[in-house]
Amino acid sequence: MFELGPIFRALLRQKVGAILIALQIALTLSIMVNAIFMMQQRSSQMARPSGLDEANLFYLSNTVFGQNYNHEAALADDLRLIRGIPGVVNATQINAIPLSGGGWSMGLQHKAGEGENSIGVAVYMVDDHGINTLGLELIAGENFQLTDIEWRPATSVSWPARAIVSQAMAESLYPGAYQSALGKTVYINQNEAVQISGIVKTLQAPWNGWDGVERSMLVPFQMETRNSRYIIRTEPGRRDELMPIIEKALAESDKNRIIRNVTSLEDTREDSYRSHNALNKILLLVIVILTLITAFGIVGLAMFSINRRRRQIGTRRALGATQLQVMRYFMLENFLISTLGVVIGAIAAVGLNIWLVSKFELAPLEPQLLVVGVLALYLVGQLAVFYPARKAAAISPATATRSV
Amino acid sequence: MFAYYLRLAWLSIRQSYGLSLLMVLAIGLGIGAAMTTVTVNYLMSANPIPTKSEQLFYVQLDNWDPHEPANDNGDPPDQLTYRDSTALWAANKAFRQVVQAQMTAVLEPEGKDSLPFQVSGRANSADFFAMFEVPFLFGGSWDRSADESMQQVVVLSQSLNDRLFGGRDSVGEKVKLAGDYYQVVGVIANWQPRPRFYDITTGAFNEVEEVFVPFSLISQQKISRNGNTNCWKPSGEGYEAFLNSECVWTQFWVELRNEQEKQDYLTFLNAYVSEQKKLGRFERPVNNRLSDVMQWMENQQVVAQDASLMMVMSLMFLLVCLLNTIGLLLAKFLSKAPQIGLRQALGASRQDLFTQYLTEAGCIGIAGGLLGLVFAWLGLQGVQALYGDEMKGLAELDLAMVGLAMLLALVSSLLAGLYPTWRACTVQPSQQLKSQ
C-alpha cells in the first residue's frame with residue numbers, strides 16, 4: 001500500500017530528526033488540548049446569566065458621616081427622589097451586588113437547632129421594589145408586599161418572616177421538586193423560621209468562583225447603615241446619561257454623606273471576570289504561537305531532509321515517479337511522524353490533565369477535545385509539509401545525472 | 001581562537017539566516033513566555049520582610065463549630081474572635097504583639113471648599129509599626145498606654161499627609177475622622193510591602209492603608225470595621241454581644257525572637273485554650289497555630305493559582321521551543337558535514353570542532369535571550385494591561401530577572417546545542433571527502 005514500507009525504513013535511518021518532530025507535536029498537543037479545555041471552562045463560567053437586567057443597571061455607594069442622622073427618613077427620601085427621576089424604571093437599597101465579589105452569606109436548614117445540616121445561600125436585602133429593579137423573573141409565589149418590609153437596625157441579628165429564593169436554592173433544599181419549596185418553612189441562623197414566599201428563576205451570588213453561585217435569597221429588609229448601596233434600573237439606553245444626573249441629585253440633596261463608586265453592572269461583570277478573560281487571551285496566544293513554532297519546525301526539518309535527498313529524489317523521478325508520488329512520499333512521511341507524535345501527545349495530555357487536576361482546581365478533560373486536538377495537529381503537520389513537499393516534487397529528474 | 005570561532009559562527013549564521021532567525025525567534029519566544037510568568041510568580045512569592053520574616057508569627061486558634069471544621073483541610077479559622085485577640089493582647093506574653101482589623105472612615109478636611117472623602121484605614125495596637133518595620137517620615141507610633149486609654153490618635157500615610165497638609169510635618173495637628181477629632185502622632189514614609197503580608201485575608205496585593213488608629217477604639221464603635229467576618233453561631237442582639245461572640249474578624253501577630261520564645265508562646269496559647277475550654281468554649285480539639293510570614297503566605301495561597309498554572313504552561317512552552325531548536329540545529333550542523341570532513345582532514349581536532357559549534361549554539365542562545373527579554377517586557381506589559389490593578393507592581397522586570405533570563409537562554413541553548421554538536425563531530429572525514 002503506497003510506499004509505507006520504504007518510508008518507514010527511511011525514517012528509521014533518520015530517527016533523531018523524526019523523534020524530535022514527534023516530541024514537539026506531542027508536547028504541542030498536550031498543551032493545546034489542556035489550554036483549550038481551560039478556556040472552554042472559563043468561557044462557560046462567564047456565559048452563565050446572572051438573572052439581572054445587566055445592561056440597564058447601575059449602583060452607587062452612599063456613605064453617611066453626619067452625626068445624629070435619621071437613616072430611615074433619609075432612605076425614604078433618597079428612594080423617592082431616585083424613582084421620581086424620568087428614565088428611571090425602579091430603584092432599591094441593597095446590601096450586596098451580584099458579581100461584585102463582596103456579600104453576605106447565611107445557611108438555611110430544614111430543622112431548627114445547632115449541628116443540623118445547612119445549605120449556604122447568598123443573602124440580598126431589598127424592599128418590595130427589589131424584583132422589579134433587578135429585573136428578576138418570578139416563577140412561583142409572589143413578591144414582597146409593602147407591609148413585609150422590616151427596618152433592620154445596624155446591630156440587629158434577627159431575620160424577617162418571609163424570603164424569596166432562587167430556583168437553584170429551592171432545588172438544593174428540595175431536590176427534584178423545587179416547586180414544593182413554595183410556602184415551606186426553613187430555618188436561618190440555626191433557629192429562626194423563614195417562610196419561602198416566592199421563587200425567582202435565576203439570581204447569582206456575588207462570588208463567581210463559589211460552587212453555590214446560583215444559590216441566593218431575597219429578604220425584605222431596609223437597613224440602617226452608614227454605608228449603603230442603591231441599585232438603580234433605567235429605561236433601555238438611558239443608563240450612561242442618568243448615572244451622573246442621579247449622582248449629582250443625591251449629593252446635592254444631602255450634605256451629610258458622600259456618593260461614590262457609581263458603577264454600571266456591565267463594568268462589574270467585566271471586573272469580576274477580568275482574570276478569566278485575561279487568562280483566556282493569554283492561553284489563546286500561547287496556542288497560536290505554539291502551533292506556529294511547531295509548524296515552522298516541521299517546515300525547517302522537512303526542507304533540510306529534502307535538500308539532503310535531492311539526488312535520491314531526482315533518481316526516483318528519472319525512474320518514472322510522478323511529481324504527485326514524490327509529494328505523497330513526504331506527506332505520508334509527515335503523517336507517520338505525526339502519528340507517533342499524537343499517540344505520545346494524547347497520553348501526555350491525559351497525564352498532564354491528571355496532574356493539573358491534582359494540583360489545581362480543574363475538572364478532568366473531555367475526550368472529544370482530545371480527538372479534535374489530534375485532528376488539528378495532523379492538519380497542521382500536513383499543511384506545514386505541503387510547501388517543502390512541493391519543492392521536492394519540483395526537483396528535476398536531470399538532477400540524478402548531475403554530480404553535486 | 002575564541003574570536004575566530006565567533007567569526008565562524010557569525011558567517012554560518014549569516015549563511016543560513018532563515019534557519020538561524022527561526023531558532024532565535026523560537027528561543028526568544030520561549031524565554032519571553034517563561035520569564036513573564038516566572039517574574040509574576042517570583043514577585044508574588046517574594047519575601048516582603050526578609051530581615052525578620054522568621055520571627056513574625058500569625059496566630060490561629062480553633063474556636064469553631066464542634067460539628068464542622070472551619071476549613072475542609074482541618075485548619076483553624078483564618079482569624080480570631082475579638083475576645084480572644086484582645087485577651088492575648090492584654091496578656092502581653094510575646095516580645096511584641098499586634099491586634100488588628102481593617103476599617104474605613106470618612107475624613108472631613110478643614111476649609112469650606114474641601115469635600116469630605118472616604119479613607120481606607122487600619123485599627124491596630126501600637127506594636128504594629130515596630131513589628132512590621134514601618135518607616136516614619138515624621139513623628140512615630142503611639143504607645144501601648146494610648147491603646148489602653150483609647151486615645152484618639154492617628155498615623156497618616158505620606159500621600160494622605162500630602163493631600164491634607166501639603167507634605168509638611170503635621171504631628172500635633174488634628175484631623176476629623178468619622179465625626180471625631182484625632183491627633184496626628186506620626187506620618188509614615190512611602191511603604192508598600194508586596195505582598196502586603198500583614199493582612200492577607202483582605203487582599204495580599206492591596207494598597208497600604210491611609211490612616212492607622214488604636215484598635216481599642218473599635219470597642220467604642222468610634223470607627224467602623226470592614227474586613228471579613230465569619231460566624232458559626234448566632235451572635236446575639238447588640239454590639240456588646242457581637243464583640244463577645246464566636247465570630248472571627250480580628251487578626252493577631254506576635255514577634256518571637258527565638259525558638260525558646262516560640263515554644264513558650266505555644267505553651268501559653270495551649271494554657272489559654274484549656275482555660276477557655278473550662279468556660280465551655282473551644283469545643284474542638286486544641287489546634288493552635290503559629291505560622292511565620294512565609295508559611296502564612298503559603299497557607300493562604302498568596303501566589304494565585306492562575307499564576308502558577310501559567311508558569312507550568314510557559315515552561316512547557318519553552319521546552320517545545322528548545323526541541324524545535326535542537327531539531328533545527330541538527331539540520332544545520334549535519335548539512336555542514338562536507339565542511340566538517342574537510343576541516344578534520346586539515347587537522348582540526350574533535351575538541352576544536354566541538355568548541356566551535358557550541359560557540360555557534362551559544363551565540364544563537366544569547367541572541368534568543370536578548371529577544372526573549374524584549375518579549376518578556378512586552379509580555380509583562382500585556383499582563384498588566386489585561387489584569388489591571390490586580391497586577392500592579394507584580395509585572396516589573398528587575399535586574400535579577402534579567403540575569404536569570406540571559407542565563408536560562410544561554411544554558412538552554414547550549415543544552416540544545418549539545419546533541420547536534422556531538423553528531424557534527426562524529427562525521428567521518430573519509431566518507432565526506434570521498435563523496436566530494
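Below, chains carry the letters A, B, ... as their sequence lines are ordered, and counting in each starts from 1.
- Per-residue counts of heavy-atom pairs under 4.5 Å with chain B were compared for A/Val286, A/Ile289, A/Asn191; the largest is that of A/Ile289.
- A heavy-atom distance below 4.5 Å is not found between the side chains of B/Leu328 and A/Phe304.
- One distance of note links CZ of A/Phe296 with CG of B/Leu19; it measures 12.0 Å at 0.5 Å rounding.
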_I'd like to know whether A/Arg226 forms a side chain to side chain contact (heavy atoms under 4.5 Å, CB included) with B/Val106, so could you lay out the CA-CA distance, the side-chain angles of the two residues, the decisive distance to 0.1 Å, and finally the verdict._
CA-CA 10 Å; A/Arg226 290 193 164 267; B/Val106 170; over 6 Å; no

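- Neither the backbone nor the side chain of A/Lys255 comes within less than 4.5 Å of any heavy atom of chain B.
- The 12-atom threshold is not exceeded at CG of B/Asp72, counting heavy atoms of other residues, nucleotides or ligands nearer than 6.0 Å.
- The number of heavy atoms from other shown groups lying within 6.0 Å of CD (B/Gln381) is above 12.
- For A/Asn307, no part sits under 4.5 Å from any heavy atom of chain B, backbone or side chain.
- When all heavy atoms are compared, the tightest approach of A/Arg274 to B/Leu386 is CG-O, 3.3 Å.
- Rounding to the nearest 0.5 angstrom, the gap separating the CZ atom in A/Phe65 from the CG atom in B/Leu177 is 12.5 Å.
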*Run the side chain to side chain contact (heavy atoms under 4.5 Å, CB included) check on B/Met316 and A/Leu290 step by step: do they pass?*
CA-CA 10 Å; B/Met316 291 181 66; A/Leu290 199 59; over 6 Å; no

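- B/Met313 CE to A/Leu356 CG: the interatomic distance, rounded to the nearest 0.5 Å, is 7.0 Å.
- For B/Met310, the part lying near chain A is the side chain, with the backbone staying farther off; criterion is any non-hydrogen pair under 4.5 Å.
- Looking only at heavy-atom pairs under 4.5 Å with chain B, the residue among A/Asn277, A/Asn34, A/Ile282, A/Asn227 that has the most is A/Ile282.
- Interface remark: B/Leu22 contributes side-chain atoms only to the contact with chain A (heavy atom separation under 4.5 Å).
- Under the 4.5 Å side-chain criterion, counting only non-hydrogen atoms from C-beta, A/Trp355 is in contact with B/Val312.
- Contact of B/Glu108 with chain A is made through the side chain alone, with heavy-atom distances under 4.5 Å.
- Considering only heavy atoms from C-beta on, B/His67 stays 4.5 Å or farther from A/Asn117 through its side chain.
- In this structure, the side chains of A/Arg308 and B/Ser335 stay at 4.5 Å or more apart for every pair of heavy atoms.
- A/Ile21 does not touch chain B: none of its heavy atoms, backbone or side chain, sits under 4.5 Å away.
- B/Ala331 touches chain A through backbone and side chain together, each having a heavy atom under 4.5 Å away.
- Contacts with chain B were tallied for A/Lys359, A/Arg260, A/Lys281, A/Gln67; A/Arg260 has the most, counting heavy-atom pairs under 4.5 Å.
- Residue A/Ala35 touches chain B through both its backbone and its side chain, counting heavy-atom pairs closer than 4.5 Å.
- The part of A/Met38 that comes within reach of chain B is its side chain, from C-beta onward, which places non-hydrogen atoms under 4.5 angstrom from that chain.
- Of the residues considered (B/Gly179, B/Ala33, B/Ser224, B/Pro116), B/Pro116 shows the highest number of contacts with chain A, using heavy-atom pairs under 4.5 Å.
- The most heavy-atom pairs under 4.5 Å with chain B, out of A/Ile19, A/Val64, A/Leu20, come from A/Leu20.
- Side-chain atoms of A/Gln190 come within 3.5 Å of backbone atoms of B/Trp232 as a donor-acceptor pair (strictly under, hydrogens ignored).
- Between A/Val16 and B/Arg423 the shortest side-chain heavy-atom distance falls below 4.5 Å.
- Listed here is the closest heavy atom pair of A/Gly297 and B/Asn324: CA-OD1, 3.0 Å.
- Screening B/Leu323, B/Ile326, B/Leu319 against A/Leu23 for a side chain to side chain contact (heavy atoms under 4.5 Å, CB included) leaves a single residue, B/Leu323.
- Of the atoms belonging to B/Leu107, not a single heavy atom falls under 4.5 Å from chain A.
- No more than 12 heavy-atom neighbours from other residues, nucleotides or ligands sit within 6.0 angstrom of CD on B/Glu240.
- Proximity to chain B (any heavy atom under 4.5 Å) is restricted, for A/Leu352, to the side chain, taken from C-beta onward.
- With a 4.5 angstrom heavy-atom cutoff, A/Ser118 does not touch chain B via any of its atoms.
- The shortest non-hydrogen separation linking B/Cys321 to A/Ile293 is SG-CD1, 3.5 Å.
- Contact record, B/Ser235 with A/Val157: OG-CG1, 3.5 Å, taken as the closest heavy-atom pair.
- Most heavy-atom pairs under 4.5 Å with chain A: of the set B/Met23, B/Glu68, B/Glu237, this distinction falls to B/Glu237.
- A heavy-atom distance below 4.5 Å is not found between the side chains of A/Asn189 and B/Lys233.
- With a 4.5 Å cut-off on non-hydrogen atoms, B/Ser308 touches chain A through its backbone and its side chain both.
- Annotation for A/Tyr387: atom OH does not count as buried by contact number, only 12 or fewer foreign heavy atoms lying within 6.0 Å.
- Note that the CG atom of B/Asn230 and the OG atom of A/Ser105 stand 7.5 Å from one another [nearest 0.5 Å].
- When all heavy atoms of B/Gln118 and A/Ile258 are compared, the pair lying nearest together is N-CD1, 3.8 Å.
- Heavy atoms only, all atoms of each residue included: B/Tyr387 and A/Leu279 are closest at OH-N, 3.8 Å.
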